**Student:** 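Just dropping this structure here.
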Amino acid sequence: MGLTEYIFIAAFFGLPGVLGAWLAHSRGRNPLVWGLLSAPFPFFVFIIWFQKPDQEIPGHFRKCPSCGAVYPWKLDACKYCGAEVHR
Ligand SMILES: [Zn+2]
C-alpha cells in the first residue's frame with residue numbers, strides 16, 4: 001500500500017475522530033471516548049454536535065446567571081432570557 005492510501009485512511013478515520021474529540025472537549029464530555037466512537041462511526045460527531053453541556057465551559061459555553069440556561073460563549077447576552085453578560 002502506498003503513502004497516499006495511508007494518508008487517505010488516516011484522514012477518513014482520523015478527521016471524524018479528532019472532530020468528535022474536540023466537540024466533546026468543548027462540551028465538557030470525555031474527548032477520548034467520543035473520539036474513539038467518532039472515528040469508526042462518524043454519526044457520533046453529529047450526536048455530540050447537538051449535545052449541550054450542563055455546566056459552564058470557559059471559552060465554549062456560558063451558563064446564564066439569570067435563567068440557568070447554557071448558551072454559546074461568544075454571545076453577548078443570553079439567547080433564552082436576554083440577560084446581558086457582565087465581563
Ligand atoms: Zn438566561
Side-chain angles (χ1 to χ4, degrees):
M1 205 158 61
L3 184 64
T4 316
E5 283 91 342
Y6 277 115
I7 292 171
F8 179 79
I9 288 168
F12 193 79
F13 290 105
L15 211 63
V18 168
L19 197 61
W22 185 83
L23 288 171
H25 166 74
S26 73
R27 282 153 176 73
R29 305 301 169 96
N30 190 328
L32 187 67
V33 169
W34 283 93
L36 288 174
L37 283 172
S38 300
F41 308 109
F43 66 84
F44 278 104
V45 173
F46 292 99
I47 295 173
I48 191 68
W49 177 268
F50 288 109
Q51 292 287 315
K52 281 283 183 63
D54 43 18
Q55 80 275 27
E56 185 161 289
I57 315 287
H60 297 287
F61 285 93
R62 197 184 298 276
K63 192 175 177 106
C64 179
S66 180
C67 71
V70 177
Y71 59 98
W73 188 265
K74 59 178 181 282
L75 298 182
D76 290 326
C78 175
K79 69 176 181 180
Y80 300 100
C81 72
E84 283 184 33
V85 176
H86 300 287
R87 296 175 201 266

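What you see is a predicted model; the values in this text were computed from it and never measured. Whatever order the structure lists them in is the order used to number ligands and atoms, beginning at 1. This chain uses plain numbering: 1 for the first residue, then up along the sequence.
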**Student:** Could you grab the distance from atom CZ of F61 to atom OG of S26, nearest 0.5 Å is fine?
**Tutor:**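 F61 CZ to S26 OG: 5.5 Å, rounded to 0.5 Å.
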
**Student:** Are C78 and C67 packed together at the side-chain level, in the sense that at least one heavy-atom pair is separated by less than 4.5 angstrom?
**Tutor:** yes

**Student:** Both conditions, 6.0 Å and 45 degrees, for the charged tip of R62 above the ring of W73: are they met here?
**Tutor:**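 So R62 does make the cation-pi contact.
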
**Student:** So with a 6.0 Å cut-off around OH of Y6, is the heavy-atom count from everything else above 12?
**Tutor:** no

**Student:** Anything protein N/O/S under 2.8 Å from the Zn ion (ligand 1)? Just list residue and atom, please.
**Tutor:** C64 SG, C67 SG, C78 SG, C81 SG

**Student:** To the nearest 0.5 Å, tell me how far L75 CG sits from E84 CD.
**Tutor:** 12.5 Å

**Student:** Which pair of non-hydrogen atoms, one from A24 and one from W34, has the smallest distance, and what is that distance?
**Tutor:** CB-CB, 3.5 Å

